[in-house]
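None of these values were measured; they are calculated from a predicted model.
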Amino acid sequence: MDKVFNKLRNLDAYPKVNEDFYNRTLAGGVVTVVSAAVMLFLFISELRLYLYTVTESKLLVDTSRGETLNINFDVTFPAVRCSILSLDTMDISGERHHDILHNIMKQRIDANGKVIEARKEGIGAPKIERPLQKHGGRLEHDEKYCGSCFGAEESDDHCCNNCEEVREAYRKKGWALTNIDLIDQCQREGFVQKVKDEEGEGCNIHGSLEVNKVAGNFHFATGQSFLQSAIFLTDLLALQDNHYNISHQINKLSFGHHYPGLVNPLDGIKWVQGNDHGMCQYFIKVVPTVYTDIRGRVIHSNQYSVTEHFKSSELGAAVPGVFFFYDISPIKVNFKEEHIPFLHFLTNICAIIGGIFTIAGIVDSSIYYGQKTIKKKMEIGKYR
């Protein structure tokens, strides 16, 4: 057993020197202190780098199907009244939604941008007694109300009991309501008066949409719009000016949830209309994105890029409004937060300690032998 221990002792790569042979110097002490300080500084830097998360990105083909796209928006129109501002959507699958009211909030603002009133979308005003019946007379006692559709009835028993139902009947016929003052239901609900009362005001509209994850568009149009021969028309012609100022500021526009580092290029963008009138168009490329944080929490969201174009009404049919045309990229981006591997961190620490220790030893030896040489020369000169 002693032979084994002796052989192992002979393999010692770190031979020990008796303390009686140590020669401690002031220069060696200074080099030691400086080396320790440098080691500590580099160790702290490496530790911070190890604790800091790095984000790795990968590009993959998006194979998801049947998903929906969540659109969050907040847009301010300083010169468009809330009552004539509508939100519509349509996509390449043929699905259309006009005058969307769900999850939408409108805020009336004055010329200085101050909020006058905030309300859920929808007019809604008190009704007067004895409304006009379909047969032309006023509603009698115990008589069931059946309002006229003013020529847009689909059948003999078709009733339009409010302004929205009359407008919907006209949409289905492909007609435009050119004089709402003559519609009894709209008069009773105060629709015309409410629009007139908001003259000179602006509108902030914000909320969210959930649409099919296919190419499509959503737009803010001046007037409750409908589709006829693939061209958007307006049915508030009697209340509209010849031209609309569609100047606007996009306070927020995002597709999906927020994640660290997400930049939405349209946030805070302000667009001012010049002398020409028409539609402002934004063409958006949506890139599906999956973000996984260091704790494993997964956030499904989207990035997007955008280009802008203005279509003047002088060049053709251009309905006043702001249109957002979006297309979905087939490529998905995966972001994942990760730490530097612990073995990598340990290797760097060993390299720091070993490297500084070696360099400090060379510096200390150089200083020591330099001082020793100078001392010998001085002694030789003294004896001469």
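- The side-chain heavy atoms of Pro330 and Asp62, taken from C-beta on, include no pair separated by under 4.5 Å.
- The nearest pair of heavy atoms linking His309 to Phe283 is CB-CE1, 3.9 Å.
- Note that OG1 of Thr63 is 5.5 Å distant from NZ of Lys332, once rounded to the nearest 0.5 Å.
- Salt-bridge annotation for Asp110 and Lys114: absent, with no side-chain N of the basic residue lying under 4.0 Å from a carboxylate O of the acidic one.
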Return a table of donor-acceptor pairs under 3.5 angstrom between the side chains of residues 34-43 and protein atoms on other chains or two or more places apart.
unit_1 : atom_1 : unit_2 : atom_2 : d
Ser35  : OG     : Val31  : O      : 2.7

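- Atom NE2 of His344 sits in a sparse spot, with 12 or fewer heavy atoms from other residues, nucleotides or ligands closer than 6.0 Å.
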>> Quick one, Ile109 with Phe77, criterion side-chain contact (heavy atoms from CB on, under 4.5 Å). Give me CA distance, side-chain angles, the key distance, then yes/no.
In response: CA-CA 9 Å; Ile109 58 176; Phe77 294 86; over 6 Å; no
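- The number of heavy-atom neighbours closer than 6.0 Å to NE2 of His258, taken from other residues, nucleotides and ligands shown, is above 12.
- Side chain of Ser301 to main chain of His257: a donor-acceptor pair is present (N/O by atom type, distance under 3.5 Å, no hydrogens or angles).
- None of Asp91, Thr89, Thr68 except one satisfies the side chain to side chain donor-acceptor pair (under 3.5 Å) rule with Asn212; the exception is Asp91.
- With rounding to the nearest 0.5 Å, the separation of CG in Asn204 from NZ in Lys106 is 11.0 Å.
- Side-chain atoms of Val80 and Phe220, non-hydrogen and from C-beta on, never get closer than 4.5 Å to each other.
- Other residues, nucleotides and ligands contribute over 12 non-hydrogen atoms within 6.0 Å of the NZ atom of Lys285.
- Taking hydrophobic clusters as Ile, Leu, Val, Met, Phe, Trp and Tyr residues chained together by side-chain heavy-atom distances below 4.5 Å, Ile269 shares a cluster with Val322.
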>> Walk me through whether Asp88 and His97 qualify under side-chain contact (heavy atoms from CB on, under 4.5 Å).
In response: CA-CA 6 Å; Asp88 312 295; His97 299 279; over 6 Å; no
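- Rounding to the nearest 0.5 Å places CZ of Phe255 at 9.5 Å from CG of Leu209.
- Between Ile205 and Ile104 the shortest side-chain heavy-atom distance falls below 4.5 Å.
- Ring planes of His248 and Trp271: parallel class, angle under 30° (limits at 30 and 60°).
- Under the 3.5 Å distance criterion, the side-chain polar atoms of Gln273 are matched with a main-chain donor or acceptor of Ile246.
- Between Phe73 and Phe324, the distance from one ring center to the other does not fall under 6.0 angstrom.
- With a 4.5 Å cut-off on side-chain heavy atoms, Lys213 and Pro288 count as touching.
- Side-chain contact between Lys336 and Lys58 is absent, with no heavy-atom pair separated by less than 4.5 Å.
- Residue Tyr291 is not grouped with residue Leu69 when hydrophobic side chains (ILVMFWY) are merged at heavy-atom distances under 4.5 angstrom, including chains of intermediate members.
- Of the inter-residue distances, the one linking Asn264 atom CG with Lys252 atom NZ reads 8.0 Å to the nearest 0.5 angstrom.
- Shown here for Gly202 and Cys82, the closest heavy-atom pair between the two residues is O-SG, 4.1 Å.
- Under a hydrophobic-cluster definition in which Ile, Leu, Val, Met, Phe, Trp and Tyr are linked whenever side-chain heavy atoms come within less than 4.5 Å, directly or via other members, Leu253 and Val287 are assigned to different clusters.
- Ring geometry, Tyr326 versus Phe218: the interplanar angle falls from 30° to 60°, so the pair is classed tilted.
- Ring orientation note: the planes of Phe342 and Tyr50 are nearly perpendicular, at an angle over 60° on the 30°/60° scale.
- Closest of all the heavy-atom pairs between Val166 and Cys160 is CG2-CB, 3.6 Å.
- Between the CE atom of Met279 and the CZ atom of Phe310 there is a distance of 9.5 Å, given to the nearest 0.5 Å.
- A single hydrophobic cluster is not seen to contain both Ile328 and Leu60; linkage of ILVMFWY side chains at heavy-atom distances under 4.5 Å, directly or through other members, places them apart.
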> Checking side-chain contact (heavy atoms from CB on, under 4.5 Å) for the pair Leu266/Ile284: CA distance, chi angles, key distance, verdict?
Replying inline: CA-CA 10 Å; Leu266 284 178; Ile284 298 172; 4.2 Å; yes
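- Leu59 is listed as a side-chain neighbour of Val333, based on a closest heavy-atom distance under 4.5 Å.
- You'll find the side chain of Gln303 reaches within 4.5 Å of the side chain of Phe335, heavy atoms only.
- In this structure, cysteines Cys159 and Cys149 have SG atoms that are not closer than 2.5 angstrom.
- In the hydrophobic clustering of ILVMFWY residues, with side-chain heavy atoms under 4.5 Å counting as a link, Phe357 and Ile352 come out together.
- In this model, a donor atom of one side chain and an acceptor atom of the other lie less than 3.5 Å apart for Asn251 and Thr76.
- Side-chain atoms of Thr289 and Leu262, non-hydrogen and from C-beta on, never get closer than 4.5 Å to each other.
- Between the CD atom in Glu165 and the NE2 atom in His158 there is a gap of 7.0 Å [rounded to 0.5 Å].
- Counting only distance, with no hydrogens or angles, the side chain of Glu337 and the backbone of Asp293 share no donor-acceptor pair below 3.5 Å.
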